[in-house]
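The figures here come from the full heavy-atom set of this structure, side chains too, leaving out hydrogens, waters and symmetry mates.
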Amino acid sequence: MAKETLGELNSVNSGDVKRVRAVRMSPERRRVQLLECAILVFAEKGILNATHADVAKFAGVANPTVFHYFPTIEKLQEEVIREVRRFLLDGFVLSRAHINASASDRIEDMLSSFAQSISSNPEYITIWLEWSGLTRGFLWEMYLEFYRDTVKALRSLILEGRKDNSISERIDASDGARVVLSMAHAVAHMHFSGSSAKTMKKTIHSLVSIYIAPE
């Protein structure tokens, strides 16, 4: 995914630079491109502030092109959020369901990989943090679904840890799952507030070794 900012794009489009005709793409590829651009726009403008026109400008296409693929602002928001959900739930939680390692190691690896992704894909994490605070409307309903599905998957992982003796029996599986998910929030806040990668790694290891591990 391209990492240009909106400011960089605006500087290109300003002045005497002529508008370049959009490159022809298949419908499938164009939709993917617009969604990629929308994620970058949403991260910078905000979920509730970004518009079709913002995405069109960033992608270098006409406004009707964006409306063709995402007919309403709600549909555009929904598709961006679904992609963020996929990135987080599939990319960090479900992908570790069948790895040949102890459950506690998989949880630590999950959080460590998530911490690293904040530098490589900050737009996804920025949107996620904002999304988790939208406590009303259809976007909040989507977050509650994401939350329930993530907690369910993490709970299953914790129960596996009880069987392989890498997670303490004293931890309630549902409570533990919620703690792990909240740890991802904490790690994101640490990153954006200036904590070093070393500090985040140490904090993640402390959670696993002190809270999760058997006594």
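The ring-ring contact (aromatic ring centres under 6.0 Å, His included) analysis of residues 77-96, with sequence neighbours excluded, yields the pairs Phe87-Phe92, Phe87-Tyr124, Phe92-Phe114. Residues in residues 179-188 take part in no salt bridge (charged side-chain N to carboxylate O under 4.0 Å, His left out) pair, two or more places apart or across chains. Residue pairs that meet the ring-ring contact (aromatic ring centres under 6.0 Å, His included) test with at least one member in residues 192-213, sequence neighbours left out, do not exist here.
Considering every non-hydrogen atom in both Gly46 and Glu130, the closest pair reads CA-OE1, 3.5 Å. In plain terms, the two heavy atoms of Ala38 and Leu76 that are nearest each other are CB-CD1, 4.0 Å. The two residues Ile158 and Gly176 come nearest to each other via the heavy atoms CD1-C, 3.3 Å. Of all heavy-atom pairs spanning Ile171 and Ile212, the tightest one is CD1-CA, 3.5 Å.
With sequence neighbours left out, the side-chain hydrogen bond (donor to acceptor under 3.5 Å, both in side chains) criterion links Thr199 to Ser196. With sequence neighbours left out, Arg86 forms a side-chain hydrogen bond (donor to acceptor under 3.5 Å, both in side chains) with Glu83. Residues meeting the side-chain hydrogen bond (donor to acceptor under 3.5 Å, both in side chains) test with Ser119, sequence neighbours left out: none. Residues that satisfy the side chain to side chain contact (heavy atoms under 4.5 Å, CB included) test with Thr51, not counting sequence neighbours, are Ala53, Asp54. With sequence neighbours excluded, the residues forming a side-chain hydrogen bond (donor to acceptor under 3.5 Å, both in side chains) with Arg178 are Asp175, listed by chain and number. The side chain to side chain contact (heavy atoms under 4.5 Å, CB included) search around Ser193 returns Ser195, not counting sequence neighbours. Checked against side chain to side chain contact (heavy atoms under 4.5 Å, CB included), Thr72 has the following partners two or more places apart in sequence or in another chain: Glu74, Lys75.
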Just list the side-chain donor-acceptor pairs under 3.5 Å for residues 100-107, sequence neighbours left out, or say none.
residue	atom	partner	partner atom	Å
Ser102	OG	Ser104	OG	3.4
Ser102	OG	Asp105	N	3.2
Ser102	OG	Asp105	OD2	3.2
Arg106	NE	Ala101	O	3.1
Arg106	NH1	Arg96	O	3.0
Arg106	NH1	Ala97	O	3.0
Arg106	NH1	Glu160	OE1	3.4
Arg106	NH2	Ala101	O	3.4
Arg106	NH2	Glu160	OE1	2.8

If you look only at distance, which donor and acceptor atoms sit under 3.5 Å apart when one is on a side chain in residues 141-152 and the other is two or more places apart or in another chain?
residue	atom	partner	partner atom	Å
Asp149	OD2	Arg85	NH1	3.3
Asp149	OD2	Arg85	NH2	2.7
Thr150	OG1	Phe146	O	2.8

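Using modelled atom types, no side-chain atom of Ser113 and backbone atom of Met110 make a donor-acceptor pair closer than 3.5 Å.
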